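What follows is a set of notes on a single structure, which appears directly below.
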Amino acid sequence: MNAVDSVEAGKRYGPPSDADSASEQSMASLLRPHVRSFAAVMILQVVGALAGLAPLLAVVELGRALLSPGPIDQGHVWTVVIGGAAGLFVRLLFTAASSGLGHVLDSRVQLSFRRQLAARLGRVPMGWLSQRRTGELAKVVGEDVSAVHPFIAHAPGELVSAFVVPLVSLVYLFTVDWRLTLITLIPVVLAIAQVPLLMLPARTREQQEFDAAMGRIASSVVEFVQGISVIKAFGGSERAHRKFLTAVDDFVGTFLRWVRGMSVVAAGMQLALSPPFVLLVVLVGGAALIASGGMAPADLLPFLLLGLGLTAPVAALGHGFDDMQAAGRAVGRIKEVLEVQPLPEPARPAAPRGHRVELRDVRFSYEDDHEVLRGIDLVLEPGTVTAVVGPSGSGKSTLVQLLPRFFDPTHGSVTLGGVDLREIGSRELYRLVSFVFQDVRLLRASVADNIALAVPHADREDVIRAARLANIHERILELPRGYDSVIGEDARLSGGEAQRISIARALLADAPVLVLDEATSFADPQTEQAVRRALATLRGDRTILVIAHRLETVADADTVVVLESGSIVERGKPGELLRQNGKFAAFWQSHRSAIADGVEVHGGVRQGDEPR
Amino acid sequence: MIRMLLRVLGPEYARAMRRTVVLMTVTAIAEGLLYALLVPVLQALLGSTPADAWSWLIAFGGAVAVYAVLRYISDLSGMRVGTTMLRGMYYRLGEHLARLPIGWYNAGRVGEVSVMASRGLLQALGVAAHLLGPFISAMVTPLTIVAVMIAFNWQLGVAALIAAPIVVAIQAWAARSMAATDAERHERDKEATGRVIEFLQAQPVLRAGGRTGERFTMLDDSLREVQRASRRTVLAMLPGAVGLTLTVQAIFTVLLVLGAYLVLGGNIGAAEILTILVLAARCADPLLSLSEMGGKLRVARAELDRLDKVLRTQPLPEASEPVRPVRHDLEFDSVTFRHGDRTVFDGVSLSVPEGRRLAVVGPSGAGKSTLLQLVARFYDVDAGAVRVGGVDVREIDAETLMAQIAIVFQDVYLFDGTIEENVRLGRPDADEAEVRAAARAARLDEVIERLPGGWATNVGEGGALLSGGERQRVSIARALLKNAPIVLLDEVTSALDPVNEAAVHEGIERLMAGRTVVMVAHRLRTVQRADEIVFLDDGRIVERGSHEELLRRGGRYADFWNISMAQIASE
């Protein structure tokens, strides 16, 4: 996969734009198993929150008892006090239970999300996976699931009580005095009236600029950090630094504009909702009503105590809004992963006969308009090595990735033993096709487990045999705990050593079809030798397809296929191709000139590079 | 928290910050004092002379107006300080990152720093900026109200005051107990992230092992650990939150009971007690919100902690009186270098005369690349010295040292910009002809011809839009343009296909001509023409000499050579 390919593929697999609208619904389906717990959290929270009104009502009742003409009913006063205290106790108990349960539920939901994601990622097409940055996907499983936290642990309880409590209060207040209730609502109306001001096009634009400026900071930081060695080596520190600082200034400027645009409105809203202002409104209204004799003085109390609570829903809308938006975006990304369709499994898997691989008129494109492979016809016979050569971007990587079915061809077919790969069960396919790719990944597990990954119940002897063949046995014995050393904890392996472990893996897996992207980036002579030995050992009856980077491998292949812009331009035995004096010969010459140094000094060994 | 902010920010922001905090405190006190006016208002309204309330209400309205102005100013000041701080913090971080040794930037750091320097910083400061006001107000306003209560009725006021030390104690205790579980949780999260990445990257192998259906136990275990850690966090959080609520509510209950007792005893008027209870109710809400705010502040704090740690990492020391080397020979004088707890070099000595080529050969992990990095002072040695032109690299000004050296790395990083910009990085003041000449020498011209945008083609982030070989040619052109007397080559051609390798090789030859060269290579053919070859294994030089000498000696190098040369001959 060259860089351009992945960029293009990235576009194709880019996030769907309509993620937001459907996220609620998918959220619901993900949460369905937890509905009862959610209900419990909500009910506990609502009961607790309503009980929290009791002490306030107690003060109100106390006021009525004290202000009523005539002697004070002592018994009533104490009943009211006890009622208020009991309400507080209930509130404490229920909200604590709700919050505790909510958080426990949250951790359970997160675990189940993560398990579902892991399960899905274990089944998505390899091609999809290979074009995603691992860090990005890990972020979905990690941070994004965590970001759902406010949705689950806080939203149900807090939002519901933020609306239920004011609603109950409102009803109660209406029964006390409807005129003063309406007056009490004035601040709320004032605040809501300003909401449209926050959504003006100018504000929206500022918000977008803000996001974009943030993005620029992020990318300039990435560039700064990733290119740090170049920056230092070429004294470009000034430039990259300046770019970062420009992005910062840019961002701060946008931020300030945004803040300035918002601040008057925001301040206005906050003032309208602030307790002093609400109290002022209530008191002025109350004073007018009481002075005119329209209302009993004691009836003012509930408004002073409960009236403030009416602003809660508006405040709740603003409060945590960012969190909720972030959670929404996170859910979108989670959903996107969960919705990736695995490559379809055959309903009735067919069993391949033999392991001859045949590509018939295979076309492949990541995007509709750009074909990476344009009509490949290729037969890989058992017992032969086929080497693919060609410039980067010619489609080599894509071609070999069709065999382990990282992708399905967009046109034509790939058959193994006469059966289309799509008709073979995935487990069976992976048993038949093994691969060594450049990008080696070792697990943080013992060396033996790493080698035996594809054959979990392999004997230690078999593991050792594979390790010996792969030139890594002795190195393993040097590790502190030999084959039981845990990679990454007991031992660190170099790139070349890791590659040899992966070769040992393939040797042990012993699959009849081997796909090998000749590793070059870390290859040292021992690793190169391991590759050669692996090829020689495996040869026998196996079908081997290799992306060759070294002339030795090419020369040693039975068939060479020269790929250019997604088509096979030449094929044949290496010697024959060389005589044809075509693309392959040119390729060969250019390589030889690269290593021409060797001729003068070591002419004797050079015949090793001649094709047979 | 504020102290931490100030430390991370540096002292120049202390005044603005302090002014904002004072402003916010004054606003909170004003709000508390404002409620004092409720007492006469309510006494009038609930008493027998409601008409008296008007004059007090006007005073109350005036006070609300003053409060509104104060609040607006303090909010604005908070935002302004927040923004200035944000800018200052970004600048400080940027400058610091530029000064940190390259050795500090390992693979994990790239992600960490990227997140920290973009979103992390904004989040930390954003939370601090948004919550600072409410936090101060939630602490100060209730205290002021209690003071007002004491002024009107000392028994009830003192009863309410009891809450203060308890609330403070609970806050402190909760913060401490949370810090421990937070740290554990962070650890578990990191572990799980590692497992997820492993799980993803190992997909091909896991699938080949038929392990797609069942749960991958190592991952599942770590996910369950995350859940356990998160439950422990909840358990640690509950006592603090419940304790706070319990205290606030208990005090309210005490006031209710005490008030009822006093009023029934005739010690206090009905209007007075009701006013005080209204005031008490005003205290409760902000206090209860403290625990939630505490949680958010903790998150911001953790982010600030990470930032603080980075900012406290020491950059490599700069020489106070830099020396400018006049020659361009290189020398390693019994160099010992440790990376973490691993000794990479143990007393390595070698020298490269001016204009000569040294090739470094050895198995992977032998420290070959590190050798180059020590010349360019990506790290400092632990013992011995690396000298350029006879001068210890630590005595040379960083810019001067870098001006002497051109490096071509195995992994080429290009900046998001045009090809021309990336080449020019080598020497920004080079003229057109020089840039073209360098491109031709690096055989970059044929790449440029092929590209639709030519010289102005954008290379994408990190150079992602070019192939490896094309990137390599850009980096060679860059090095050629730089025209530095010392050239360091790090496995330059190892990841290229033969066609690109040939092209790159030609450029490299031109780059090396007449310069002091240290090259690391495993393609042994490329090292034969070096004046000297050292074979490095496990941080020590095990063999040195010219190609022929080493072959004749029949030691490690010869083995290496034979392995890499005797391939097909054996079949």
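Throughout, a chain's letter reflects where its sequence line sits, starting with A, and its residues are numbered from 1. Note that these values count all heavy atoms, side chains included, but never hydrogens, waters or copies made by symmetry. Remember, predicted model here, so these are calculated numbers, not experimental data.
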Contact origin within A:Leu283 toward chain B - heavy atom pairs under 4.5 Å:
both
Looking at residues at least two apart in the chain, or sitting in another chain, which of them share a salt bridge (Lys or Arg N to Asp or Glu O under 4.0 Å) with B:Asp75?
B:Arg71
Part of B:Gln249 within contact of chain A (heavy atom distance under 4.5 Å)
both
Here the pair of heavy atoms bringing B:Leu42 nearest to A:Leu300 is CD2-CD2, 4.1 Å
Identify which part of B:Val64 has an atom lying under 4.5 Å from any heavy atom of chain A, answering side chain, backbone, both or neither.
side chain
Of all of A:Leu305, A:Leu304, A:Leu121, A:Val77, which one pairs up most often with chain B through heavy atoms under 4.5 Å apart?
A:Leu121
In terms of heavy-atom pairs under 4.5 Å with chain B, which of A:Ala58, A:Gly63, A:Ala511 leads?
A:Gly63
Among B:Leu488, B:Ile273, B:Thr233, B:Leu223, which residue has the highest count of heavy-atom pairs closer than 4.5 Å to chain A?
B:Leu223
Where does B:Glu95 contact chain A at under 4.5 Å (heavy atoms): side chain, backbone, both or neither?
both
B:Leu256 versus chain A, the contacting section by heavy-atom distance below 4.5 Å:
both
With A:Ala445 via side-chain contact (heavy atoms from CB on, under 4.5 Å) - residues at least two apart:
A:Leu443, A:Asp449, A:Asn450, B:Met218
Counting heavy-atom pairs under 4.5 Å with chain A, which one of B:Trp54, B:Tyr91, B:Tyr35 comes out on top?
B:Tyr91
What part of B:Val242 gets closer than 4.5 Å to chain A, counting heavy atoms only: side chain, backbone, both or neither?
both
Given heavy-atom pairs under 4.5 angstrom as the criterion, report whether the side chain, backbone, both or neither of A:Val141 touches chain B.
side chain
Which heavy-atom pair separates A:Pro276 from B:Tyr67 by the least distance, and what is that distance?
CG-CE2, 3.6 Å
Most chain A-contacting option - heavy-atom pairs closer than 4.5 Å, from B:Ala192, B:Ser230, B:Gly94, B:Ala63
B:Gly94
Using a cut-off of under 4.5 Å for heavy-atom pairs, which of B:Val226, B:Leu38, B:Leu34, B:Leu46 has the most such pairs with chain A?
B:Leu46
Between A:Ala509, A:Ala291, A:Ala118, who has the most heavy-atom pairs with chain B when the cutoff is under 4.5 Å?
A:Ala118
Would one find more than 12 heavy atoms of other residues, nucleotides or ligands at under 6.0 Å from atom CZ of A:Phe89?
no
At a 4.5 Å cut-off on heavy atoms, which part of B:Ala68 comes close to chain A: side chain, backbone, both, or neither?
both
What option among B:Val41, B:Leu45, B:Leu100, B:Thr253 has the most heavy-atom pairs under 4.5 Å with chain A?
B:Leu45
A:Val124 portion near chain B, given a 4.5 angstrom heavy-atom threshold
both
In terms of heavy-atom proximity below 4.5 Å to chain A, should B:Val234 be classed as side chain, backbone, both, or neither?
side chain
With chain B, the option among A:Ser99, A:Gly286, A:Ala287 that has the most non-hydrogen atom pairs under 4.5 Å is A:Ala287
Under 4.5 Å from any heavy atom of chain B, what part of A:Leu271 do you find: side chain, backbone, both or neither?
side chain
Which heavy atom of A:Leu111 sits nearest to which heavy atom of B:Gln227, and what is that distance?
CD2-OE1, 3.3 Å
Do you know which of A:Leu88, A:Leu256, A:Val252, A:Leu67 has the most heavy-atom pairs with chain B at a distance under 4.5 angstrom?
A:Leu88
